[in-house]
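Data block below; observations after.
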Amino acid sequence: MSYFDWHQQPGYRADITRHFATESKLLDIGCGTGWLAEKFPSYTGIDGSPEAVEIARGLGRNVIEGDVDKPLPFADESFDGVVMKDLLEHVADPVGLVREARRVVRPGGRVFASSPDAQRWVWDDYSHRRPFTRRAFRHLFADQGFDVVRSGYESVAPGTGILARRTGHRRPAAVRAAARLPWVRRNVWVLARRPG
C-alpha cells in the first residue's frame, strides 16, 4: 500500500467539508490525490508529489504540481476557502505557508488546517518535521493575521474512519470527546477566517 492509498478520502470527511459551502472556490494545499474535488465543483489542488498529481489528474481532478515551500502560484484573494489537511508538519516553513494561505484567500474566507498533536506517535512518520500543540497551532494562524474561529482535537485512533463512515462521515460524538484525553492518538485542528 502506497502513502497515497493510505491518504484516500477519509471516513470522517464531513469534519472537513462542513466548514465550506459546496459552491466555494476551494484551494487544497498538499492535496495528495485530491479527494476533496468530489465535494467541491470549483476545486483546485496543489501537491509536490508527481505521483499524487498523476493519480489525481487520472481521476479528472484539477490538481497541479508545485512546491508548497515556495510562493503559491495563485493571485491574491483567489479562493473562498483553503484546506491544509495534515500538511504543516511536513513543510520547512509553516509560517510562510500560512501567510501564503492568507494571501490567496479572499477577505472573509476560511482556512481549515489540521496536524498531528505533539505526541510520541507523530515521529513514526519519517516525513514529519515538527508536531504542534493546540495552543501553538492557534498562535500560528492568529500571528499571521487570521481570526481563529475554532480549534480543537480530532481522534485519529485506528478505526476512527470506519466508525465515521457508518455515522454520516463525521467522527462519532464519543470519539470526538475521547480526543480531549492526552493519551488518545489525535490531531490538532483550526478553523480560521481572514478578516475583512
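This is a predicted model, so every value here is computed, not measured. Any value given below was found using the heavy atoms of this structure, including those in side chains, with hydrogens, waters and symmetry copies removed.
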### Test side chain to side chain contact (heavy atoms under 4.5 Å, CB included) applied to Ala142 - qualifying residues, sequence neighbours left out
Val148
### For Phe20, all residues meeting ring-ring contact (aromatic ring centres under 6.0 Å, His included), sequence neighbours excluded
none
### Residues forming a side chain to side chain donor-acceptor pair (under 3.5 Å) with Arg102, sequence neighbours excluded
none
### Task
Report yes if some heavy atom in the side chain of Val63 is under 4.5 Å from a heavy atom in the side chain of Tyr43; otherwise report no.
yes
### Query
Is there a side-chain contact between Leu88 and Phe137, using heavy atoms and a 4.5 Å cut-off?
yes
### Query
Taking only residues two or more places apart in sequence, or in another chain, which ones meet Lys39 in a side chain to side chain contact (heavy atoms under 4.5 Å, CB included)?
Thr17, Thr22
### Task
Mark yes or no for whether Ser49, through its side chain, and Glu51, through its backbone, hold a donor-acceptor pair below 3.5 Å.
yes
### Task
Keeping the roles fixed (side chain from Arg110, backbone from His19), state whether a donor-acceptor pair exists under 3.5 Å.
yes
### Those residues that, when tested against Phe79, pass ring-ring contact (aromatic ring centres under 6.0 Å, His included) (two or more places apart)
Phe74
#### Entry: Side-chain (Asp80) to main-chain (Lys25) donor-acceptor, under 3.5 angstrom
yes
## Note on the structure
Across all chains, not counting sequence neighbours, the side chain to side chain donor-acceptor pair (under 3.5 Å) partners of Arg57 are none
### Task
Kindly say whether Val105 contributes a backbone atom to a donor-acceptor pair with the side chain of Arg194 at under 3.5 angstrom?
yes
#### Entry: Selection residues 140-153 - residue pairs positive for salt bridge (charged side-chain N to carboxylate O under 4.0 Å, His left out), sequence neighbours left out
Asp147-Arg193
### Task
Please identify each residue that fulfils side chain to side chain contact (heavy atoms under 4.5 Å, CB included) with Asn62, with sequence neighbours left out.
Thr44
### Message
Tell me which pairs pass ring pair (Phe, Tyr, Trp, His ring centres under 6.0 Å) where either residue lies in residues 50-69, with sequence neighbours left out.
### Response
none
### Task
Mind checking side chain to side chain donor-acceptor pair (under 3.5 Å) for Arg103 and listing every partner two or more places apart, or none if nothing turns up?
Asp76, Glu100
### Query
Has the side chain of Asp47 got a donor or acceptor atom that lies under 3.5 Å from a matching backbone atom of Cys31?
yes
### Task
Nearest 0.5 Å please: distance from the CD1 atom of Ile29 over to the CG atom of Leu27.
4.5 Å
### Message
Restricting to side chain to side chain donor-acceptor pair (under 3.5 Å), what partner residues turn up for Arg99, sequence neighbours left out?
### Response
Gln144
### Task
Can you sort out the partners of Glu54 under side chain to side chain contact (heavy atoms under 4.5 Å, CB included), two or more places apart, ordered by chain and number?
none
